[in-house]
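To keep things clear, I will list the structure first and then write my remarks on it.
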There are 2 protein chains.
Amino acid sequence: MIDLERVNRVYVVGKGSGLFQEVIALKDLSLHVESGEFVAITGASGSGKSTLLNILGCLDRPTSGSYRLDGLEVSGLSDAVLARVRNQKIGFVFQSYNLLPRHTALDNVALPLIYSGVSRKARRRRAEVELERVQLKDRSHHRPNELSGGQSQRVAIARALIQNPSILLADEPTGNLDSRTGREIISIFHELNVERGVTVIMVTHDPVVAAAARRVIRLADGEIAEDLAQTSR
Amino acid sequence: MIDLERVNRVYVVGKGSGLFQEVIALKDLSLHVESGEFVAITGASGSGKSTLLNILGCLDRPTSGSYRLDGLEVSGLSDAVLARVRNQKIGFVFQSYNLLPRHTALDNVALPLIYSGVSRKARRRRAEVELERVQLKDRSHHRPNELSGGQSQRVAIARALIQNPSILLADEPTGNLDSRTGREIISIFHELNVERGVTVIMVTHDPVVAAAARRVIRLADGEIAEDLAQTSR
Ligand SMILES: Nc1ncnc2c1ncn2[C@@H]1O[C@H](COP(=O)(O)OP(=O)(O)OP(=O)(O)O)[C@@H](O)[C@H]1O
Ligand SMILES: Nc1ncnc2c1ncn2[C@@H]1O[C@H](COP(=O)(O)OP(=O)(O)OP(=O)(O)O)[C@@H](O)[C@H]1O
Ligand SMILES: [Mg+2]
Ligand SMILES: [Mg+2]
């Protein structure tokens, strides 16, 4: 269960010559998401979607305001505890994938399992299963610079899923995928949500993808402009 | 004018333990594009689109076959001459942007003009114009890690346009843009094509974006599966 209350996120940017500028990426944002929801976050480029998702994923902290995740106040946690919470509960698909460039697809997907102390043999086996699910079985030994854009994106997705997280946060998960491959990915998310109760929150620019969610939240200039329930298609 | 004849591109990938595998990314592909055309290249993830675009952009050489660009056989050119041809004729938008991480948006956009010996003052002025055109005037001093995904994409687009290239090659130019911003970018491409005769070849997964082109080429497994003229919408 996710509870953001009056969250602000201010970035400070150097303009050179000792000058600085503030960017208010999230403005007094409050949001409640129940366990098991399937939410799409939409909005113009620069409206604050990735900033919001990074805070939800415990990768960034609000400048002010509160974030309660399953009853725990995140701002009160040390970095070490936060990392453990993240590793156990959250699968995150980054907008720019963040794969390790000198490791194969297989090793990239298996990475989260190292932190949870899974044996090398079991990590390998589970990573193969996840890669097969996103149709990349025959690319498992390729490194990121030997993969197409959409293949890299799918490796990032497989890595987010390997720990069976209870919360899946995905930032533009189909941005580099053709429509058919994109639909396959969204049906994986849908299946996890419906069959295993995984909470799914995905940022997307694609109206077809947003239509698969049961709730669509539109951001504009760091605020929630719209929050609508819908029948998932 | 672009003439590919029986182009093959084979990648060799190490599988570990001294084993290697070949990936045939383009198979005996032939393609003729006249000056001033507006072409969309579509196809499944991994079908060879970026590989094709990189060869067209003189960023990669075919394993075999011929590429004549405005009558010049590209495979016969030295790397130095190839770089000059590229700088003078071609604007390239990369699927993963390839911005310089420690430089501002303004410096990234101005970069191609350094190679053509433009003065610092003129570079700055022209870069500001291009950034304004993609609605990023107030982000010019941000570095790539201080930009949203779609803002980085637009910086890459502005950089591709700053030299007034005669050929614009764009790899998924709207993948991280909301529909409205994406339409603004495509109308810039359309305007360049119609008013200045720029040859535009863009890879896209978005059927709405592909509809703006006058010719759509669909790749499948490294080959041209379909090549259709259409009325641009
Ligand atoms: N450097 C490389 N070494 C080995 N294989 C590669 C390399 N680059 C690409 N490939 C492989 O070649 C095939 C074509 O790649 P390419 O990047 O052209 O696909 P694409 O059509 O652009 O895909 P996407 O839509 O996902 O971006 C893919 O199957 C990919 O795994
Ligand atoms: N580290 C940073 N420093 C300064 N400003 C930043 C930083 N990161 C993001 N911003 C700014 O904050 C705003 C929101 O960024 P964010 O990445 O959340 O947007 P977004 O909605 O995900 O956009 P897109 O759809 O283009 O990915 C943008 O205007 C961006 O320029
Ligand atoms: Mg974003
Ligand atoms: Mg590609």
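Protein chains get the first letters and strands the later ones, always in sequence-line order, with residue 1 at the start of each.
- For B/V23, the part lying under 4.5 angstrom from a heavy atom of chain A is the side chain only.
- For B/Y115, the OH atom is loosely surrounded, since the number of other residues' heavy atoms within 6.0 Å does not exceed 12.
- Between atom NE2 of residue B/H141 and atom CG of residue A/L19 there is a gap of 9.5 Å, rounded to the nearest 0.5 Å.
- Ranked by heavy-atom pairs under 4.5 Å with chain B, the list A/K15, A/E172, A/E146 is led by A/K15.
- Using a 4.5 Å cut-off between non-hydrogen atoms, the part of residues 44-60 of chain B that approaches chain A consists of B/A44, B/S45, B/G46.
- Under 3.5 Å, the side chains of A/N176 and B/Q95 contain a donor-acceptor pair of N or O atoms.
- Other residues, nucleotides and ligands contribute at most 12 non-hydrogen atoms within 6.0 Å of the CG atom of A/D221.
- Residues of residues 119-127 of chain B lying under 4.5 angstrom from chain A, judged on non-hydrogen atoms, do not exist.
- When heavy atoms are compared at a cutoff of 4.5 Å, B/Q135 does not approach chain A at all.
- Between chain A and the residues B/H142, B/R180, B/Q151, B/R143, the largest count of heavy-atom pairs under 4.5 Å involves B/H142.
- For the set A/L147, A/T174, A/T181, A/L177, the entry with the most heavy-atom pairs within less than 4.5 Å of chain B is A/L177.
- In terms of heavy-atom pairs under 4.5 Å with chain B, the best-connected choice from A/P207, A/S152, A/S148, A/G182 is A/S148.
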